[in-house]
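Contents: one structure, followed by commentary.
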Amino acid sequence: MLVWGLVGLLLVLQQPDYPGPKPPEFWTKQAVVFALLAGVFYLDTGWAAPRLLYRRGALAYVALNAVAVLGVLAVHQRVELGLRVPELVARARDAALNPPNPWCAPRPRPRLGPEQEGGGLFNAGILLTSLMVVGLATSITAVQRGQRDAEARQLLEQQRLETELSLLKAQINPHFFFNTLNNIYALTLIDGDEARAALHRLSRMMRYVLYETAAGTTHLSHEISFLRDYVGLMHLRLTTSVHVVLDVPEPPQPDVPIAPMLLLPLAENAFKHGVSATAPSVITLRLSQPAPDVVEFVVRNTRFAERERAPATEPGGIGLTNTRRRLELLYPGRYELASNEQTPEGEYEVLLRLLLNA
């Protein structure tokens with residue numbers, strides 16, 4: 001609308017400079033020029049620019065537009081002469097400048113300009129308007145192509161992120177169930193009733209993983225319940241020398257959305273590295289909401305020398321790596337994941353701070 005409003009305005013302004021109405025043939029000529037310019041515009045935007053300009057055919061694109069501009073000028077000249085526009089304009093001008101008046105002599109007929117005399121091929125007004133239309137067509141095509149390329153890149157990036165997140169979640173879930181099934185197997189050798197209770201808790205957790213994680217986000221209260229089930233399941237196989245502290249809001253206020261199974265790897269690491277078969281140990285899991293849209297999760301566990309000497313490539317040690325990668329994909333610039341290897345109490349501490357609503 002902006003392009004054709006501007007072109008139409010320019011063609012309306014390109015009229016003979018005299019008072020009074022202009023002959024219909026003049027406006028017919030301008031309408032033909034308008035249609036020709038529309039054809040040049042859509043030829044460029046619909047075919048020439050995509051096929052030539054962006055496929056290493058810039059010279060062919062320039063040559064095509066040069067021919068198109070010359071064609072507009074030629075047709076303009078033919079229509080102007082065919083409709084006798086110069087002659088009709090001259091008559092209308094004479095009538096406007098010399099109205100019938102018996103009391104004064106008629107004014108001399110002024111010398112006609114090039115347009116009224118049927119000038120040559122290169123009409124300055126039509127030439128400049130044609131070049132402007134070509135420039136606008138090229139510019140609009142470039143902008144639209146840039147927008148399409150940006151949208152395509154954004155779509156590809158979104159698909160890449162979704163694929164990567166799916167792979168990361170596929171790694172997290174087997175990692176969790178591998179450890180949990182080992183725990184339940186150990187319980188079956190100790191207490192059948194507790195093993196059945198653990199299987200019921202595990203089924204509830206599996207339901208969470210299968211249905212709650214499909215949408216990509218879950219409520220914080222559901223994540224807390226999942227974490228509570230996990231800690232309870234892990235606590236069943238621990239000795240009395242292990243003291244577990246779980247401090248979570250019940251219920252959270254407000255119940256904000258969060259990525260599912262985001263807290264589990266931190267808790268897993270605490271149970272993996274903070275439990276000893278011979279020495280007392282403490283595991284602390286504390287979740288809080290300093291602000292309505294901020295969640296802080298602090299995990300502490302006792303340090304043991306034998307754990308520190310364990311190989312870094314021990315199987316199952318992918319949890320923290322995946323957590324950091326998921327945070328980078330889901331909460332870029334809105335998370336803080338820091339660790340303190342030696343607190344004053346001799347514990348290992350991990351702090352996760354999330355800004356959920358940006």
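Classification of E25 and K29 as a salt-bridged pair fails, no side-chain N sitting under 4.0 Å from a carboxylate O.
For the pair R303 (side chain) and Y348 (backbone), a donor-acceptor distance under 3.5 Å is absent. Without hydrogens or angle criteria, E223 side chain to L262 main chain gives a donor-acceptor distance under 3.5 Å. Looking only at distances, a side-chain donor or acceptor of S281 sits under 3.5 Å from a matching main-chain atom of G274. Between the side chain of Y331 and the backbone N or O of A259 there is at least one donor-acceptor pair closer than 3.5 Å. Of the possible polar contacts, none joining the D293 side chain to the L356 backbone as a donor-acceptor pair under 3.5 Å is found. Although no hydrogens or angles enter the test, the distance criterion places no donor-acceptor pair under 3.5 Å between the side chain of E349 and the main chain of V298. Side-chain N or O atoms of E347 include none that pairs as donor or acceptor with a backbone N or O of R300 at under 3.5 Å. No side-chain donor-acceptor contact under 3.5 Å links Q30 to the backbone of V12.
By the rule that hydrophobic residues join a cluster once side-chain heavy atoms approach within less than 4.5 Å of another member, L128 and V3 end up as members of separate clusters. Side-chain heavy atoms closer than 4.5 Å link hydrophobic residues (I, L, V, M, F, W, Y) into clusters, and following such links, possibly through other members, connects M206 to Y208.
Relative ring orientation between Y230 and F271 is described as perpendicular, the plane-to-plane angle rising above 60° on a 0-90° scale split at 30° and 60°.
V299 and L266 get closest at one heavy-atom pair: CG1-O, 3.7 Å. In terms of heavy atoms, P23 sits closest to A92 at CD-CB, 4.1 Å. Annotation for V133 and F41: closest pair CG1-CB, 3.8 Å, computed over non-hydrogen atoms. When every heavy atom of T141 is checked against every heavy atom of A137, the shortest pair comes out as OG1-O, 2.7 Å. Between I258 and L220, the shortest heavy-atom contact is CG2-CA, 4.0 Å. Of all the heavy atoms in Q14 and F26, the pair that sits closest is O-CZ, 3.0 Å.
Open room surrounds CG on L2; 12 or fewer heavy atoms of other groups in view lie less than 6.0 Å from it. The neighbour count for L189 CG, taken as heavy atoms of other residues, nucleotides or ligands under 6.0 Å away, is above 12. Atom NE2 of H222 has more than 12 heavy atoms from other residues, nucleotides or ligands within 6.0 Å.
Across L36, L70, V69, V40, a single residue satisfies side chain to side chain contact (heavy atoms under 4.5 Å, CB included) together with S130, and that is V69.
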Given V275 and F304, is the side-chain contact (heavy atoms from CB on, under 4.5 Å) satisfied, shown in steps? CA-CA 8 Å; V275 176; F304 297 100; 5.8 Å; no
Test side-chain contact (heavy atoms from CB on, under 4.5 Å) on V33 and V75; report intermediate values, then the result. CA-CA 8 Å; V33 172; V75 172; over 6 Å; no
Test salt bridge (Lys or Arg N to Asp or Glu O under 4.0 Å) on E328 and R324 and set out the steps. CA-CA 6 Å; E328 190 62 36; R324 188 177 295 276; over 6 Å; no
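Residues T138 and Y61 bring a donor and an acceptor atom of their side chains to less than 3.5 Å of each other. Looking at Q144 and T45, their side chains never bring a donor and an acceptor atom within 3.5 Å of each other.
Atom CG of N269 sits about 9.5 Å away from atom CG of L264, to the nearest 0.5 Å.
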